[in-house]
J.: 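Got a structure for you, written out below as C-alpha cells; questions coming shortly.
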Number of protein chains: 2
Amino acid sequence: MENTAENVRAQMRKGVLEYCILSILNKREAYASAIIEELKAANMIVVEGTLYPLLIRQKNQGLLSYRWEESTQGPPRKYYVISDKGREQLAQMDEAWKELVETISTLKEK
Amino acid sequence: MENTAENVRAQMRKGVLEYCILSILNKREAYASAIIEELKAANMIVVEGTLYPLLIRQKNQGLLSYRWEESTQGPPRKYYVISDKGREQLAQMDEAWKELVETISTLKEK
DNA sequence: TTTTGGTACTTTGTGATACAAGGTATTATA
DNA sequence: TATAATACCTTGTATCACAAAGTACCAAAA
C-alpha cells in the first residue's frame with residue numbers, strides 16, 4: 001500500500017464528502033458536474049463514480065430532492081436541492097465537524 | 001441506513017483515525033488500551049477490533065515499531081513507538097489536515 | 001489448587017464507500 | 001452523418017470500521 005501525500009489526503013477526507021455536498025447545496029442548488037467543479041476549486045478532487053451514488057444515497061435518505069432542467073449546452077441537467085431534513089442533518093454535521101476539529105486539537109496537546 | 005448524530009460522527013472521522021494514532025504516539029509510546037483511553041478522553045470512541053488491525057497496518061508500513069513490556073496488572077503489553085518514517089508521515093498528515101480544514105472553510109463561504 | 005475476574009491481544013465476518021473503468025444518452029457542430 | 005462535448009449511471013474492487021467471539025496471561029478469592 002503506497003502512502004503518497006495524495007493518498008494521505010484521500011484517506012483523510014473519507015466520510016467528510018457527504019458533509020461537503022450538503023454544505024454546497026445549502027448555498028445553492030446545483031447539478032453533479034457543477035458540484036465537482038466547486039469541490040475541485042476548494043482543493044478536493046472527487047470523481048463522478050463517487051459523487052453520483054452519493055447524491056442518490058442522500059436523495060433516498062430524504063436529504064435532497066432534484067428537478068430536471070434543460071441546458072443550452074448539452075443534455076438536461078439534474079439539479080439537486082437540499083431539503084428541510086437535509087438542513088437538519090447539515091446542522092448536526094456542522095456540530096460534528098466542530099467537535100472533530102476540537103478532538104484533533106486536544107490530541108495534539110502534549 | 002440510520003443517520004443519528006452518533007453515526008454522523010462515526011462517518012466523519014473515518015480516515016482521520018490513522019492521523020490520531022500517529023499524533024498520540026508522537027507524544028509518547030503507548031499500548032493499545034492506553035491509546036483507546038486517550039481517544040475516549042478526546043471524545044473519539046474506537047473499539048479494539050478497529051485499533052489493533054490499524055496498529056498492525058502502520059507497523060507493517062514501517063511507521064511504528066513495538067516492544068513487549070511486563071505489566072504488574074495482567075498480561076504483557078505491546079508498546080508502540082513511532083519511527084522516523086512515521087514522523088515524516090505525520091508531518092504530511094498535519095499538512096493534509098490543515099488543508100482539509102481550509103477546504104471545509106472555503107466551501108462554507110457564500 | 002481450582003475458579004473467577006480483569007487485562008490485553010487477535011481474528012473473522014459484514015456493511016459501507018471511494019474509486020477506476022466503462023457505458024448510455026443528448027445536443028451542437030463540422 | 002460523424003464527431004466532440006456534456007451529463008448521467010453502473011459494475012467490480014479494495015479498503016476499513018465495527019461487532020462479536022476467541023485466546024492468553026495474571027492475581028486474588030474460594
Side-chain angles (χ1 to χ4, degrees), chain A residues 1-4 6-22 29-40 44-61 63-64 66-80 96 100, chain B residues 1-4 6-22 29-40 44-61 63-64 66-80 96 100:
Chain A
M1 182 181 16
E2 262 295 328
N3 237 314
T4 63
E6 205 36 59
N7 280 339
V8 171
R9 282 178 191 77
Q11 262 299 97
M12 191 162 276
R13 77 189 177 226
K14 269 188 187 177
V16 182
L17 239 187
E18 208 178 328
Y19 178 44
C20 292
I21 305 310
L22 287 184
E29 57 187 39
Y31 66 104
S33 301
I35 293 174
I36 288 176
E37 280 312 305
E38 177 153 3
L39 286 171
K40 203 181 288 178
M44 178 172 291
I45 295 164
V46 177
V47 297
E48 292 183 325
T50 300
L51 184 59
Y52 282 99
L54 197 160
L55 288 170
I56 291 167
R57 284 199 302 274
Q58 292 189 323
K59 193 258 303 170
N60 289 341
Q61 289 171 34
L63 307 178
L64 309 177
Y66 67 80
R67 59 180 175 73
W68 288 99
E69 189 166 309
E70 295 299 321
S71 165
T72 57
Q73 301 215 325
R77 297 166 174 177
K78 207 171 179 176
Y79 276 80
Y80 282 92
L100 183 60
Chain B
M1 181 181 16
E2 263 295 327
N3 237 315
T4 64
E6 202 38 56
N7 280 339
V8 171
R9 281 177 192 79
Q11 261 301 97
M12 189 163 277
R13 76 190 179 224
K14 269 189 187 178
V16 182
L17 239 188
E18 209 179 327
Y19 178 44
C20 291
I21 305 308
L22 287 184
E29 57 188 39
Y31 66 106
S33 302
I35 293 173
I36 288 177
E37 280 312 304
E38 177 153 2
L39 288 171
K40 202 180 292 178
M44 177 172 290
I45 294 165
V46 177
V47 298
E48 294 183 324
T50 300
L51 183 59
Y52 282 99
L54 196 161
L55 287 170
I56 290 167
R57 284 201 301 274
Q58 292 190 322
K59 193 258 303 172
N60 289 340
Q61 288 172 33
L63 308 178
L64 310 177
Y66 67 82
R67 58 178 175 74
W68 287 99
E69 188 166 310
E70 296 299 322
S71 163
T72 58
Q73 302 214 325
R77 297 166 174 177
K78 209 171 180 178
Y79 277 81
Y80 282 92
L100 181 60

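By convention in this document, chain letters (A, B, ...) are assigned in the order of the sequence lines, proteins followed by strands, and residues within each chain are numbered from 1.
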J.: What nucleotide among D/dC8, C/dT11, C/dC9 has an atom nearest to a side-chain atom of B/P53?
T.: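 Nearest nucleotide to the side chain: C/dT11.
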J.: Go along nucleotides 22-30 of chain C 5' to 3' and tag each nucleotide: B for a protein heavy atom under 4.0 Å from its base, S when only backbone or sugar atoms are that close, - otherwise.
T.: ----BSS--
J.: Return the set of residues passing side-chain contact (heavy atoms from CB on, under 4.5 Å) with A/P76 (not counting sequence neighbours), or none when no residue passes.
T.: A/W68, A/E70
J.: I need the CG-P distance between B/L51 and C/dT10, as an integer number of Å.
T.: 11 Å
J.: Name the closest nucleotide to the B/L17 side chain, picking from D/dA17, C/dC9, C/dA18.
T.: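 Nearest nucleotide to the side chain: D/dA17.
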J.: What pairs with A/E48 under salt bridge (Lys or Arg N to Asp or Glu O under 4.0 Å), at least two apart in sequence or on another chain?
T.: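 A/E48 satisfies salt bridge (Lys or Arg N to Asp or Glu O under 4.0 Å) with no residue once adjacent residues are dropped.
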J.: What is the distance, rounded to the nearest whole Å, between atom CD1 of A/I21 and atom C1' of C/dA18?
T.: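 Rounded to the whole Å, the gap is 12 Å.
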J.: Quick one: side-chain contact (heavy atoms from CB on, under 4.5 Å) partners of B/P53, sequence neighbours excluded?
T.: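 Once residues adjacent in sequence are excluded, the partners of B/P53 under the side-chain contact (heavy atoms from CB on, under 4.5 Å) criterion are B/R57.
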J.: Indicate, with a heavy-atom threshold strictly under 4.0 Å, whether A/S33 touches base, sugar-phosphate, or nothing.
T.: sugar-phosphate
J.: Over how many whole Å does the gap from A/M44 atom CE to C/dC19 atom C1' extend?
T.: 15 Å
J.: Check every atom of D/dC18, C/dC9, D/dA7 against the side chain of A/Y52 and return the nucleotide holding the closest atom.
T.: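 For the A/Y52 side chain, the nearest candidate turns out to be D/dA7.
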J.: Check the distance between C/dT10's P and B/I35's CD1 and give it to me in whole angstrom.
T.: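 Between P of C/dT10 and CD1 of B/I35: 12 Å.
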J.: Under the side chain to side chain donor-acceptor pair (under 3.5 Å) test, which residues partner B/E38, sequence neighbours left out?
T.: B/K27, B/R28
J.: Check the phosphate of C/dC9 against B/Y31, side-chain N and O only, distance under 4.0 Å to OP1 or OP2. Yes or no?
T.: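 It does not, given that no N or O in the side chain of B/Y31 lies less than 4.0 Å from OP1 or OP2 of C/dC9.
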J.: Please report, rounded to the nearest Å, how far the P atom of D/dA19 is from the CG atom of B/L54.
T.: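 Nearest whole value for this atom pair: 15 Å.
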J.: Any side-chain N or O of B/R57 under 4.0 Å from OP1/OP2 of D/dA14?
T.: no
J.: Would you say the rings of A/Y79 and A/Y31 are close, in the sense that their centroids are separated by under 6.0 Å?
T.: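 Ring centroids of A/Y31 and A/Y79 are less than 6.0 Å from each other.
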J.: Work out which heavy atom in B/V47 is nearest to a heavy atom in B/I36; give both atom names and the distance.
T.: C-CD1, 4.3 Å
J.: Ignoring backbone atoms, establish whether A/R77 has a side-chain N or O less than 4.0 Å from OP1 or OP2 of D/dC8.
T.: no
J.: Please give, in whole Å, the distance from C/dT10 P to B/I36 CD1?
T.: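 The answer, rounded to whole Å, is 12 Å.
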J.: Over how many whole Å does the gap from A/L64 atom CG to D/dC8 atom P extend?
T.: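 Nearest whole value for this atom pair: 14 Å.
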J.: Residues in side chain to side chain donor-acceptor pair (under 3.5 Å) with A/E37, at least two apart?
T.: none
J.: Just the rounded figure in Å: distance from P of D/dC16 to OH of B/Y19.
T.: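 Taking OH of B/Y19 and P of D/dC16, I get 18 Å after rounding.
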